[in-house]
Asker: 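Let me begin by handing over the structure; questions about it come next.
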Amino acid sequence: MRDKTVLIASVLFLVLAFCYMSIFIVDQREYAITFQLGEVKDVIKEPGLKFKLPLIQNVRYFDRRILTMDMSDSERFLTSEKQNVIVDYFVKWRIVDPKLYYQAVSGDESRAKIRLNQAVNAGLREEFGRRTVHDVISGEREVIMRQMGERANKDARSIGVEIVDVRLKRVEYPSEVSGNVYSRMEAERKRVANERRSRGEADSERIRADADRQRDIIVAQARSDALQIKGEGDAKAAAIYAEAYNADPEFYSFYRSLEAYRASFAGKDDFIVVAPDSDFFKYLKSPQGKR
């Protein structure tokens, strides 16, 4: 009885071991390739619970997510102007054909990155060599990335991968020429600043001269208006005086004499030397103004 129990337990253990070695799980973030005696048996792209023959078949997994190849070392590229520029870039890529990927690089990600870097580097050198520094930095960067990506993808497809995107992180001059470039930029900015400052001073002088001219015109017009108003006032005053004189000449003469007395003797120390029989004192001697 004991031997029978041990036998059943052994058989059950072997069955469980066989099932355990026959079952494997493929995650939705990966591919799986089953090998039979070293040869590719099947490529599994759908996630789920899968089966294999134990001891005869084995499984390798490959990441199906978008991967990043970030270049740690900067590269020197030559533009159409024969100018060296320092470039940093990164590449987004993913596996699209697991079987071809395994056959091309034995499923080694580092070898795949070397192939991708060679393709991208060659494409960038060709695109940079046809454009100026300005085009590379700002003018046609998107065009460069698109055309270079299309060209590099042809080589990438040969190893079962796809380049999703290529981006430039940094494009600048080497340190040995940066100083000269910055000096030229500074001189250009100073020239532009001086030109604008001179233009501003010329505009300032023109505006100031125009303001002075307008001020002189306004002052002259105001003086002309003042003289005209004063002349009109004097004419009205003379008319009023003439009307008053004609209304009562004797009273008007008396009033004018009183005004003359007030003006002549305004202060305590004022004195006047005239003949006693002068007309100046005629109203002091007689209210009627008779001598």
Side-chain angles (χ1 to χ4, degrees), residues 17-78 86-130 136 140-171:
F18 181 84
C19 292
Y20 176 78
M21 296 174 64
S22 301
I23 297 173
F24 64 97
I25 299 175
V26 178
D27 191 270
Q28 62 184 356
R29 297 168 297 179
E30 59 189 10
Y31 301 111
I33 297 180
T34 57
F35 295 87
Q36 182 171 323
L37 302 177
E39 297 291 333
V40 176
K41 179 65 176 178
D42 190 20
V43 177
I44 303 172
K45 297 183 179 181
E46 297 298 327
L49 188 65
K50 309 297 179 180
F51 297 92
K52 64 181 179 65
L53 297 176
L55 303 178
I56 299 177
Q57 295 180 343
N58 62 300
V59 181
R60 285 190 61 178
Y61 300 94
F62 302 94
D63 201 332
R64 70 188 301 166
R65 294 172 297 179
I66 295 177
L67 306 175
T68 301
M69 182 180 68
D70 196 348
M71 305 307 300
S72 58
D73 296 329
S74 301
E75 294 282 347
R76 283 178 177 250
F77 294 93
L78 196 65
I86 303 296
V87 179
D88 285 334
Y89 61 91
F90 67 89
V91 181
K92 294 290 186 179
W93 64 285
R94 63 185 173 191
I95 302 170
V96 293
D97 189 339
K99 183 177 181 180
L100 182 59
Y101 177 73
Y102 174 78
Q103 293 173 342
V105 296
S106 301
D108 188 346
E109 185 174 319
S110 60
R111 291 177 59 185
K113 287 183 177 180
I114 292 174
R115 290 284 299 272
L116 287 175
N117 183 42
Q118 291 174 347
V120 172
N121 194 290
L124 284 176
R125 290 189 183 280
E126 182 176 349
E127 293 296 332
F128 272 58
R130 296 190 302 176
V136 169
E140 299 183 6
R141 178 176 291 197
E142 292 297 330
V143 177
I144 292 174
M145 295 299 97
R146 185 179 67 255
Q147 294 181 354
M148 186 278 307
E150 293 173 355
R151 186 178 295 105
N153 246 329
K154 295 179 180 179
D155 186 67
R157 292 284 183 176
S158 65
I159 61 173
V161 302
E162 174 191 29
I163 295 177
V164 178
D165 195 12
V166 180
R167 292 292 166 180
L168 300 179
K169 297 192 297 182
R170 177 174 65 107
V171 180

Asker: What residues form a ring pair (Phe, Tyr, Trp, His ring centres under 6.0 Å) with Y89, not counting sequence neighbours?
Answerer: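 For Y89 there are no ring pair (Phe, Tyr, Trp, His ring centres under 6.0 Å) partners, ignoring immediate neighbours.
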
Asker: Can you check whether L168 reaches V87 side chain to side chain, under 4.5 Å on heavy atoms?
Answerer: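 Yes, close enough: below the 4.5 Å cut-off.
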
Asker: With heavy-atom distances below 4.5 Å as the criterion, would you say the side chains of I66 and W93 are in contact?
Answerer: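 No; the side chains remain at least 4.5 Å from each other.
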
Asker: Taking the ring centre of each residue, are Y31 and Y102 less than 6.0 Å apart?
Answerer: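 Between Y31 and Y102, the centre distance exceeds or equals 6.0 Å.
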
Asker: I'd like to check the side chain to side chain contact (heavy atoms under 4.5 Å, CB included) partners of V59; sequence neighbours left out, ordered by chain and number.
Answerer: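 F24, A32, T34, K52, Y61.
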
Asker: Please say whether more than 12 non-hydrogen atoms of neighbouring residues, nucleotides or ligands are located less than 6.0 Å from CZ in R170.
Answerer: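 Atom CZ in R170 is packed in, count exceeds 12.
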
Asker: Would you kindly say whether S110 and D108 are connected by a side-chain donor-acceptor distance under 3.5 Å?
Answerer: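 There is such a pair (donor and acceptor under 3.5 Å, judged by atom type) between the side chains of S110 and D108.
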
Asker: Would D42 and K50 count as a salt bridge (charged side-chain N to carboxylate O under 4.0 Å, His left out) if you check the C-alpha gap in whole Å, the side-chain angles of each, and the deciding distance to 0.1 Å?
Answerer: CA-CA 11 Å; D42 190 20; K50 309 297 179 180; over 6 Å; no

Asker: Report all side-chain donor-acceptor pairs from residues 150-159 shorter than 3.5 Å, counting only partners two or more places apart or in another chain.
Answerer:
residue, atom, partner, partner atom, Å
R151, NH1, E127, OE2, 2.8
R151, NH2, E127, OE2, 3.2
N153, OD1, I163, N, 2.8
N153, ND2, I163, O, 3.1
R157, NH2, E162, OE2, 3.4
S158, OG, D155, O, 2.3

Asker: Do F90 and D165 touch side chain to side chain, with heavy atoms closer than 4.5 Å?
Answerer: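 No, too far: nothing below the 4.5 Å cut-off.
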
Asker: Would you indicate whether the side-chain heavy atoms of P98 and V43 approach each other to under 4.5 Å?
Answerer: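 Side chain of V43 against side chain of P98, heavy atoms only: contact under 4.5 Å found.
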
Asker: Is the number of heavy atoms from other residues, nucleotides or ligands within 6.0 Å of NZ (K169) greater than 12?
Answerer: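 Correct, the count exceeds 12.
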
Asker: So L67 and K92, do their side chains get closer than 4.5 Å, heavy atoms only?
Answerer: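 Side-chain contact under 4.5 Å: no.
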
Asker: Taking the side chain as every heavy atom from C-beta outward, state whether V161 and L116 have any pair of such atoms under 4.5 Å apart.
Answerer: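 They are in contact (side-chain heavy atoms under 4.5 Å apart), so the answer is yes.
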
Asker: If you look at every heavy atom in K113 and T68, which pair is closest and at what distance?
Answerer: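 Minimum heavy-atom separation between K113 and T68: NZ-O, 4.0 Å.
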
Asker: State, yes or no, whether a side-chain contact exists between R94 and R65 at a heavy-atom distance under 4.5 Å.
Answerer: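 A side-chain contact is absent here, since even the closest heavy-atom pair is not under 4.5 Å.
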
Asker: I need the minimum non-hydrogen distance between N121 and F77, along with the two atoms involved.
Answerer: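 Heavy-atom minimum between the residues: O-CE2, 3.8 Å.
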
Asker: Look up atom CZ in R64 and atom CD in E30, then write down how far apart they are to the nearest 0.5 Å.
Answerer: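 So the gap between those two atoms works out to 9.5 Å.
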
Asker: Looking at every heavy atom in both R60 and G107, which two are closest together, and how far apart are they?
Answerer: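 What the structure gives for the nearest pair is NH2-O, 3.8 Å.
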
